[in-house]
Amino acid sequence: MNERATDQRCSVETPTTAGGLILALVGELSARGVPWVYLRNYEGLPEEVGNDVDLLVSGGQRDPVAAIFREVAEGMGWQELSRTRFGPLAQYIWHPESGATLHIDLFDRVEWHQVEIADASAVLARRRWNGTVHVPDEGDEVYLNVLTRLIYNGTVREKHRQQASSGVVGAVLLRERFVSHLGNHGGRLFDQLLENDWSATAESRGLARRGAWREYGLKRPRSLAVGIGRYVS
């Protein structure tokens with residue numbers, strides 16, 4: 001990771017595009033020493049942002065980060081339209097002159113309903129600098145792409161299957177990431193997915209869910225209590 005990134009603010013003073021604004025906002029987080037990770041769909045920045053921006057921050061930091069974003073955005077001529085919570089904290093920011101809108105989803109947990117499926121603090125600690133933004137470590141990125149789709153939909157998308165089987169990350173590192181997040185169930189899940197050429201099965205989805213319940217429910221009841229509290233509120 002390029003350590004200079006932790007001290008850099010975006011050089012754009014008054015961005016009028018969503019891509020320019022998000023770089024200015026995360027640059028401000030780095031300048032203030034707030035850790036963050038741009039979880040996915042970062043390849044086209046700043047020209048392309050996509051439908052939304054998924055950012056992971058430290059536990060309990062969603063509201064403070066949203067407040068920073070509002071402060072910085074308004075100082076650059078943008079307006080906060082709304083904030084909503086439906087899992088992540090969703091923040092909508094609008095530029096009245098250009099009409100550009102930025103939708104940011106702020107996560108401080110990586111979860112399936114009330115149960116975590118990854119150790120967010122580990123993802124933040126292992127982050128890497130890609131020259132534009134902080135992104136997940138290669139192994140964490142593959143794990144998150146595979147697990148999120150698998151545990152919610154019971155499938156693994158073709159592009160994520162290709163990412164997992166490309167060999168760029170390496171089987172040893174990738175298996176370690178599955179184990180670090182889901183324990184022994186993660187190791188069994190990795191072996192099964194590898195054997196099936198990264199095609200999901202009903203058993204693999206069950207392994208993922210059981211691993212999440214064991215690692216973040218039984219072993220970390222405090223994590224489960226936080227998730228349940230948010231889920232029912």
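The figures here come from the full heavy-atom set of this structure, side chains too, leaving out hydrogens, waters and symmetry mates.
- We find that Asp54 and Arg40 are joined by a salt bridge, their nearest charged nitrogen and carboxylate oxygen being less than 4.0 Å apart.
- Grouping Ile, Leu, Val, Met, Phe, Trp and Tyr residues whose side-chain heavy atoms lie under 4.5 Å apart, directly or via other members, leaves Leu218 alone, with no other cluster members.
- Under the 4.5 Å side-chain heavy-atom criterion for Ile, Leu, Val, Met, Phe, Trp and Tyr, Val57 and Ile22 are members of the same hydrophobic cluster.
- The pair Glu43-Lys159 does not meet the salt-bridge criterion, since no charged nitrogen lies less than 4.0 angstrom from a carboxylate oxygen.
- One distance of note links CD of Glu176 with CG of Asp140; it measures 8.5 Å at 0.5 Å rounding.
- Put simply, the side chain of Asp197 reaches to within 4.5 Å of the side chain of Arg161, judged on heavy atoms.
- Under the 4.0 Å criterion applied to side-chain N and carboxylate O atoms, Arg177 and Glu138 are not assigned as salt-bridge partners.
- A centroid separation of less than 6.0 Å is found between the aromatic rings of Tyr143 and His181.
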* Please step through side chain to side chain donor-acceptor pair (under 3.5 Å) for the pair Glu97 and Thr16, ending with a clear verdict. => CA-CA 8 Å; Glu97 293 183 10; Thr16 57; over 6 Å; no
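- Atom CG of Asn184 sits in a sparse spot, with 12 or fewer heavy atoms from other residues, nucleotides or ligands closer than 6.0 Å.
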* Asked: Would Asp105 and Leu89 count as a side chain to side chain contact (heavy atoms under 4.5 Å, CB included) if you check the C-alpha gap in whole Å, the side-chain angles of each, and the deciding distance to 0.1 Å?
  -> CA-CA 6 Å; Asp105 284 334; Leu89 186 157; over 6 Å; no
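- In summary, the aromatic rings of Phe69 and Trp78 are positioned with their centroids too far apart to meet the 6.0 Å limit.
- Ion pair Asp119/Arg220 flagged as a salt bridge, since at least one NZ, NE, NH1 or NH2 atom sits closer than 4.0 Å to an Asp/Glu carboxylate oxygen.
- Rounded to the nearest 0.5 Å, atoms CG (Leu189) and CD (Glu203) are 9.5 Å apart.
- Transitive grouping of hydrophobic side chains (ILVMFWY, heavy atoms separated by less than 4.5 Å) brings Leu55 and Tyr42 into a common cluster.
- The 12-atom threshold is not exceeded at CG of Asn51, counting heavy atoms of other residues, nucleotides or ligands nearer than 6.0 Å.
- Criterion: ILVMFWY side-chain heavy atoms under 4.5 Å apart, direct or through other members. Under it, Val34 and Ile104 are part of a common hydrophobic cluster.
- Both Trp213 and Leu150 are part of a single hydrophobic cluster, where members link through side-chain heavy atoms under 4.5 Å apart.
- You'll find the side chain of Thr201 reaches within 4.5 Å of the side chain of Gln192, heavy atoms only.
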